[in-house]
> 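Have a look at this one.
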There are 2 protein chains.
Amino acid sequence: MMQERLSSPTNTFSKLPAEKKAKIEAALLKEFADKGYQKASLNTVVGSLGIAKGSLYQYFANKESIFLYIFDLFTAKVKGMLQRSSGHELPQADLWQAVRRTMFAGIAFIDRYPDFYQLYLNVLFEHEVPQREELISRVRLFPMEYFGPLVALGQAQGRISRAVPLSMVVFLIDASLDRFLQGYARSYLDGGLGLATMGPSELVAEVDLLIKTLKNGLGSHEDQG
Amino acid sequence: MMQERLSSPTNTFSKLPAEKKAKIEAALLKEFADKGYQKASLNTVVGSLGIAKGSLYQYFANKESIFLYIFDLFTAKVKGMLQRSSGHELPQADLWQAVRRTMFAGIAFIDRYPDFYQLYLNVLFEHEVPQREELISRVRLFPMEYFGPLVALGQAQGRISRAVPLSMVVFLIDASLDRFLQGYARSYLDGGLGLATMGPSELVAEVDLLIKTLKNGLGSHEDQG
DNA sequence: CATCATTATGACCAGGTGGTCACAATAGCC
DNA sequence: GGCTATTGTGACCACCTGGTCATAATGATG
């Protein structure tokens, strides 16, 4: 009695040769990433694919379900990447190691799937994207559920300040992480760090610096390290 | 030989009675804030205003110039608010006081002009907004030019850690500030802080906590305060 | 009043959209 | 081959968009 999801393509689509399926998915992703949901044109997609519009509508019910299907591909990719990056983590792992790993996983994701990341940014802020809030929370829950327990553990062990509420710790980490990645992907958001033009090693140094700064704070301490 | 800006309305528009002008501006802002640039419909606007479409095109050259004009109103409002909030600052003012003031100014701005803030978020992330990067940098320069010198001063005086490059300090402050305000305006971005449902005094406490955390860091210190 | 400049109007246009459907092509099976 | 079920097709539809323009209304000036 499993309900078909609205984002499900028809089984005509699932029976398609893998290669053709991949091409269609890629073209759709590109269009949604480039133009956003509203301005994405299915006419353009079928044109560039060289298939008939009717075919597209034999694969999917409508534009919305097409979009949701593509976004599903994105969440699957994110999930996979996060699991791979945190999979070997020990139960009492260090929060900062986890943050570091997530950061690099994010950077790698943007490098490997720039269109998917663009799609995500579109959803974050575009109006009238179908089911926007639900889609966003689906993605944002991953890191939150991941960091929360680690912060609690760190506080219990005394390595994370107990003076700061857990929610604030998570907020700051999330904000820094997200904004760093946004700056990496869109140079005008990096606040002058120049992330877009950095080489890999510089990027690593910058990530480590950011984490160290999050840990130690911006104020000066008597014993400066 | 002053070149007319592309965003300039015709002088037909400037000669309009102030009341009518304000109504038109408000309706346009509302539409752009609600729908974003692309999906905003001028037909809807003239419909809700009860004026003819031709009139709108006697006030402005085209949709783009309409949008740029409305965005100009926004930057003017932001400029005014920032100047008012920082105007009385002493030359050797404290960075953290400045951050605090900017934070509250931002909150007040969102409360007072939610549509303008929405407009800004649209521009930040929507595709194919005319001159997007230029518009964004126009707004983002304000706080950056403001905080940069204060950070440098703080580092010279030894109150801000000299171990952290100025650009990183500015990045973290900017990211926290921006994200906090985004979370305040869009609850699904607040990372669980629950900003949207807070009363004013709670909000003040949260801002102070955030600033204190930025200063002291997330790690625990022997002398915990 | 008449004359002229300015402003308001809305029917109209070309272009694009998501979506449909009668039909053509193909594939599988006997 | 012939028959059926599935898949591919693109002309077509209603709808909406930003933008135009001939014309009407209004205001100013004498």
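Note on naming: letters A, B, ... go to the chains in the order of the sequence lines (proteins, then strands), and numbering restarts at 1 for each one.
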> Answer yes or no: does atom NZ of B:K30 have more than 12 heavy-atom neighbours from other residues, nucleotides or ligands under 6.0 Å?
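No - once you tally the heavy atoms of other residues, nucleotides and ligands closer than 6.0 Å, there are 12 at most.
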
> Taking salt bridge (charged side-chain N to carboxylate O under 4.0 Å, His left out) as the test, write out the residues that go with A:E206, two or more places apart.
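By the salt bridge (charged side-chain N to carboxylate O under 4.0 Å, His left out) rule, A:E206 matches no residue at all.
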
> What integer distance in Å separates B:L16:CG from C:dT6:P?
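Roughly 16 Å, once rounded to whole Å.
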
> For nucleotides 20-28 of chain D, which of its nitrogen or oxygen atoms have a protein nitrogen or oxygen under 3.5 Å away, and what is each distance?
none

> Check side-chain hydrogen bond (donor to acceptor under 3.5 Å, both in side chains) between B:N122 and all other residues, then give those that pass, not counting sequence neighbours.
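Expected list: A:H127.
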
> Please, which pairs that meet ring pair (Phe, Tyr, Trp, His ring centres under 6.0 Å) have at least one residue in residues 183-208 of chain B, sequence neighbours excluded?
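Matches after skipping sequence neighbours: none remain.
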
> For B:Y37 and B:F32, take the angle between the two ring planes, folded into 0 to 90°, and tell me which bin it lands in: parallel under 30, tilted 30 to 60, perpendicular over 60.
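B:Y37 vs B:F32 ring planes: parallel.
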
> Which part of the nucleic acid, if any, lies within contact of B:F13, taking any heavy atom under 4.0 Å across all strands shown: a base, the sugar-phosphate backbone alone, or nothing?
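Touches nothing.
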
> Taking only distance into account, with no hydrogens and no angle test, what donor-acceptor pairs under 3.5 Å do side-chain atoms of residues 197-205 of chain A form with protein atoms, sequence neighbours excluded?
| unit_1 | atom_1 | unit_2 | atom_2 | d |
| --- | --- | --- | --- | --- |
| A:T197 | OG1 | A:G194 | O | 3.2 |
| A:E202 | OE1 | A:G199 | N | 2.9 |

> Using a 3.5 Å limit for the pairing distances, which stems of at least 3 consecutive Watson-Crick or G-U wobble pairs does DNA chain D take part in?
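Expected stems, ordered by start: C:1-30 with D:1-30.
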
> Within residues 17-38 of chain B, which residues have any heavy atom lying less than 4.0 Å from an atom of DNA chain C?
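The stretch gives B:K20 as the residues lying under 4.0 Å from the strand, ordered by number.
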
> What integer distance in Å separates A:L56:CG from C:dG19:P?
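That distance rounds to 10 Å.
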
> Please list, chain by chain and in numerical order, all residues satisfying salt bridge (charged side-chain N to carboxylate O under 4.0 Å, His left out) with A:D208, sequence neighbours excluded.
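If we apply the salt bridge (charged side-chain N to carboxylate O under 4.0 Å, His left out) test to A:D208, skipping adjacent residues, the hits are A:R100.
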
> Report yes or no: is the cationic atom of A:K77 (NZ for Lys, CZ for Arg) under 6.0 Å from the centre of the six-membered ring of A:Y113, at an angle within 45° of the ring normal?
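Here A:K77 passes the 6.0 Å and 45° test against A:Y113.
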
> Measure up the A:F74 and A:F109 rings against each other and bin them: parallel (under 30°), tilted (30 to 60°), perpendicular (over 60°).
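Answer is perpendicular, since the angle exceeds 60°.
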
> Taking NZ from A:K39 and P from D:dG18, how many angstroms apart are they, rounded to a whole number?
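After rounding, the gap between these two atoms is 12 Å.
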
> Protein-nucleotides 24-26 of chain C N/O pairs closer than 3.5 Å?
none

> Which heavy atom of A:L68 sits nearest to which heavy atom of A:P130, and what is that distance?
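Shortest heavy-atom separation between A:L68 and A:P130 comes out as CD2-O, 4.1 Å.
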
> Whole Å only: how far is the CD1 atom of B:I51 from the C1' atom of C:dT7?
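Rounded to the whole Å, the gap is 12 Å.
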
> For a quick test of reading the model: is some side-chain N or O of A:K15 closer than 4.0 Å to OP1 or OP2 of D:dT7?
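Checking A:K15 against D:dT7: at least one side-chain N or O falls below 4.0 Å of OP1 or OP2.
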
> Do any pairs count as a side-chain hydrogen bond (donor to acceptor under 3.5 Å, both in side chains) and have a residue in residues 165-179 of chain A, sequence neighbours left out, and if so which ones?
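Matches after skipping sequence neighbours: A:R140-A:D174, A:D174-B:R179, A:D178-A:Q182, A:R179-B:D174.
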
> Using a 4.0 Å cut-off on heavy atoms, which residues in residues 40-49 of chain A reach DNA chain C? List them by number, or say none.
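Output list: A:A40, A:S41, A:L42, A:N43.
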
> Can you list every side-chain hydrogen bond (donor to acceptor under 3.5 Å, both in side chains) pair that touches residues 13-27 of chain B, not counting sequence neighbours?
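Those involving residues 13-27 of chain B are B:E25-B:Y69.
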
> Measure CD1/A:I66 against C1'/C:dG19 and give the value in whole Å, please.
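Result: 10 Å.
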
